[in-house]
2 protein chains.
Amino acid sequence: MSTAHFKHDLFNEFARVAKAMSNGYRLELLEFLAQGERSVDALAQASGLTLANTSQHLQQLKQAGLVGNRKEGHKVYYRLSGMDVSSLLGSIRDVAERYLADVDRLVDDYLKVKDSLEPIPASELLERAREGLVTVLDVRPVEEYVSGHLPGAINIPLQELEMHLDELDPDREVVAYCRGPHCVLAFDAVFKLRERGMTARRLEGGLPEWKLEGLPVES
Amino acid sequence: MSTAHFKHDLFNEFARVAKAMSNGYRLELLEFLAQGERSVDALAQASGLTLANTSQHLQQLKQAGLVGNRKEGHKVYYRLSGMDVSSLLGSIRDVAERYLADVDRLVDDYLKVKDSLEPIPASELLERAREGLVTVLDVRPVEEYVSGHLPGAINIPLQELEMHLDELDPDREVVAYCRGPHCVLAFDAVFKLRERGMTARRLEGGLPEWKLEGLPVES
DNA sequence: CAATTATTCTAGAAATCTATTGAATAATAG
DNA sequence: CTATTATTCAATAGATTTCTAGAATAATTG
């Protein structure tokens with residue numbers, strides 16, 4: 001095999017990985033999977049895709065080596081091949097955020113209050129949690145909480161937040177988190193809590209970013 | 001705008017970045033650009049694509065925010081938007097190398113001697129260069145060397161290596177480098193030098209990786 | 001064993017991507 | 001001003017992707 005040929009083949013292989021990630025729905029699926037293992041059915045529901053379509057997208061991700069699966073009973077559970085896939089997703093996010101004006105515009109438009117919601121870094125949360133000063137609030141759906149969450153975090157899915165406000169100590173600051181840096185759940189939660197007069201901030205990044213920093217996870 | 005809509009749009013923006021990188025030729029162009037600024041013409045020659053085709057690929061990269069360009073005289077020079085694009089390319093490479101069996105197979109097939117060519121890490125090269133123990137050899141084409149190279153490196157493009165062997169001190173170890181971790185130029189150079197009885201190793205990664213570690217570049 | 005559930009497979013239409021070709025534009029040189 | 005050089009634009013054919021819908025498979029339940 002010639003050098004040019006080798007190089008060409010190699011770059012085509014790299015392109016396969018990028019191609020697998022070149023579709024918005026597949027990136028959403030990867031973000032869901034970054035929260036933990038999920039069945040095809042659950043992923044279809046979460047993404048709003050049809051079952052057959054979800055299955056096909058997952059198979060593309062699998063062929064590119066980004067996810068793996070296992071069969072248990074008559075369900076198939078998919079999972080990320082490794083946390084470096086999550087990290088790759090983060091790199092794409094960062095590059096997009098830095099160089100695509102549309103991303104900035106979108107984030108600004110939707111999260112107008114962005115500046116007033118200055119996020120708290122993982123390191124700071126760790127410290128304040130150690131001192132017992134904060135309530136760590138996971139606002140993702142129950143299934144995602146169950147398959148892994150921040151140590152000591154309590155789970156109140158966003159939709160149920162208003163009904164369970166009494167579970168939160170009104171005198172402690174709340175730090176909310178969800179799936180990732182652009183996940184709106186934590187934004188909305190902080191907004192609602194502040195409306196109720198509580199002190200609330202959101203964590204910078206979500207569970208996947210927390211894991212990538214090598215911080216402990218409870219489940 | 002609804003939450004679901006926002007999320008969907010956002011992930012589609014991220015997908016644009018991945019889509020721009022989902023083609024082998026475009027990844028090759030990005031690797032060339034990671035060596036330094038280049039004209040469309042030069043990139044067409046290096047990649048083997050036609051001029052029009054090269055121009056179109058570059059425009060796709062530009063629309064995804066990955067590259068920028070400037071006009072000087074009647075030439076247009078393209079450049080990476082930032083080193084984080086180079087870093088993203090590296091992440092894709094890593095994921096592909098780790099999870100795609102085909103990549104391993106390709107690298108093993110072509111670079112059979114891989115194991116005997118254990119690369120020297122940047123940190124070690126720095127140390128040994130400081131002690132004056134090694135000749136740092138850049139085997140990329142002259143243009144790439146000119147637009148930036150390792151401090152103190154001498155340039156002998158691979159094709160001319162045999163003719164210029166006398167420029168190398170036979171008693172000093174040679175460390176060769178080129179464009180990146182899978183660039184064959186340095187592999188071939190090390191092979192040739194060893195055939196001539198010289199002590200030679202290749203640097204782990206190429207110039208872009210060196211820059212990403214924040215190490216100094218000369219030009 | 002029949003019915004049910006979860007997933008995958010197959011086929012096809014519409015949309016998108018890629019490479020090629022030749023024409024158009026823009027800057028410079030003569 | 002004309003010719004030349006470097007790049008982009010526009011049109012097109014062929015290949016690939018994406019989504020849908022219904023059939024097929026595989027494991028479990030009754």
Side-chain angles (χ1 to χ4, degrees), chain A residues 4-5 8-9 11-30 32-33 36-64 66-79 143, chain B residues 4 8-9 11-30 32-33 36-79 143:
Chain A
H5 211 120
H8 191 69
D9 289 353
F11 275 92
N12 275 333
E13 288 297 315
F14 299 156
R16 279 177 63 196
V17 170
K19 186 173 279 175
M21 302 183 83
S22 72
N23 176 288
Y25 288 121
R26 285 199 290 274
L27 293 183
E28 280 191 56
L29 291 173
L30 287 177
F32 286 127
L33 289 172
E37 207 180 46
R38 288 287 170 287
S39 70
V40 181
D41 188 47
L43 289 166
Q45 286 224 297
S47 64
L49 295 169
T50 64
L51 199 64
N53 202 359
T54 304
S55 172
Q56 284 172 173
H57 278 304
L58 288 169
Q59 280 170 67
Q60 286 192 55
L61 291 171
K62 192 182 174 190
Q63 283 190 352
L66 302 179
V67 307
N69 59 7
R70 71 185 173 85
K71 197 160 194 170
E72 189 185 304
H74 51 193
K75 286 198 176 187
V76 177
Y77 291 92
Y78 280 82
R79 65 175 177 287
E143 315 88 73
Chain B
H8 191 70
D9 289 352
F11 276 92
N12 275 333
E13 288 296 314
F14 299 156
R16 281 177 61 194
V17 170
K19 186 171 280 175
M21 301 183 84
S22 73
N23 175 288
Y25 288 120
R26 285 198 291 272
L27 292 183
E28 280 192 56
L29 291 173
L30 287 177
F32 286 126
L33 290 173
E37 206 180 47
R38 286 287 169 289
S39 69
V40 180
D41 187 47
L43 290 165
Q45 286 224 296
S47 65
L49 295 169
T50 64
L51 200 65
N53 202 359
T54 304
S55 172
Q56 283 172 177
H57 278 304
L58 288 169
Q59 282 169 68
Q60 286 191 56
L61 291 172
K62 193 182 172 189
Q63 284 190 352
L66 302 179
V67 307
N69 60 7
R70 71 185 172 87
K71 198 160 195 172
E72 187 184 307
H74 50 194
K75 285 197 175 188
V76 176
Y77 291 92
Y78 280 81
R79 63 174 179 285
E143 314 86 72

Fill in: Rounded distance in Å - NZ (Lys75(A)) to C1' (dT8(C))
16 Å
Worksheet item: If every non-hydrogen atom of Leu58(B) is compared with every non-hydrogen atom of Val67(B), which pair is closest and at what distance?
Response: O-CG2, 3.9 Å
Worksheet entry | Atom-to-atom span, CG of Asn12(A) to P of dT18(C) - whole angstrom | 11 Å
Worksheet item: So what does Ser39(A) touch, heavy atoms closer than 4.0 Å: a base, only the sugar-phosphate, or nothing?
Response: sugar-phosphate
Discussion item. Rounded to the nearest 0.5 Å, what separates atom CG in Leu61(A) from atom CG in Leu30(A)?
Written reply: 5.0 Å
Worksheet, complete the sentence: Between Arg16(B) and Gln63(B) the two heavy atoms that sit nearest each other are NH2-O, 2.6 Å
Item to complete: Hey, could you give me the NE2/CG distance between His57(A) and Asn23(A), rounded to the nearest 0.5 Å?
Response: 5.0 Å
Worksheet item: Once you round it to whole Å, what is the distance between C1' of dT18(C) and CG of Leu51(B)?
Response: 17 Å
Item to complete: To the nearest Å, give me how far apart OH (Tyr77(A)) and C1' (dT8(C)) are.
Response: 17 Å
Worksheet item: Nearest-Å distance, CD (Glu37(B)) to C1' (dA6(D))?
Response: 15 Å
Worksheet item: What distance do Thr54(A) atom OG1 and Leu49(A) atom CG have between them, rounded to the nearest 0.5 Å?
Response: 4.5 Å
Worksheet item: Got a second to check how far Met21(B)'s CE is from Leu66(B)'s CG, nearest 0.5 Å?
Response: 6.0 Å
Worksheet item: Do Tyr78(B) and Gln59(B) have side chains that get closer than 4.5 Å, going by heavy atoms?
Response: yes
Worksheet item: Can you tell me if the side-chain N/O atoms of Ser55(A) get under 4.0 Å from OP1 or OP2 in dT8(C)?
Response: yes
Worksheet item: Roughly how far apart are Gln60(B) CD and Tyr25(B) OH, rounded to 0.5 Å?
Response: 14.0 Å
Worksheet item: Can you list, by residue number, the residues of residues 15-24 of chain A that have a non-hydrogen atom closer than 4.0 angstrom to DNA chain D?
Response: Lys19(A), Asn23(A)
Discussion item. Side-chain N or O of Tyr78(B) versus OP1/OP2 of dT8(D): is the shortest distance under 4.0 Å?
Written reply: yes
Worksheet entry | Approximate separation, where rounding is to 0.5 Å, of Arg79(A) CZ and Asn69(A) CG | 7.0 Å
Worksheet item: In whole Å, what is the span from the CZ atom of Arg70(B) to the C1' atom of dA6(D)?
Response: 14 Å
Discussion item. Closer than 4.0 angstrom, basic N to acidic O: yes or no for Glu72(B) and Lys75(B)?
Written reply: no
Practice prompt. Rounded to the nearest angstrom, tell me the gap between atom CG in Asp41(A) and atom C1' in dT8(C).
Written response: 14 Å
Discussion item. With the threshold set at under 4.0 Å for non-hydrogen atoms, list the residues of residues 57-69 of chain B touching DNA chain C in residue-number order.
Written reply: His57(B), Gln60(B)
Practice prompt. With Tyr77(A) as reference, evaluate Lys71(A), Glu37(A), Arg38(A) under the side chain to side chain contact (heavy atoms under 4.5 Å, CB included) test and give the passing residue.
Written response: Glu37(A)
Strictly under 3.5 Å: I want the nitrogen or oxygen pairs between protein and nucleotides 20-30 of chain D, one per line.
{"from": "dA27(D)", "atom 1": "O3'", "to": "Gly73(A)", "atom 2": "O", "distance (Å)": "3.3"}

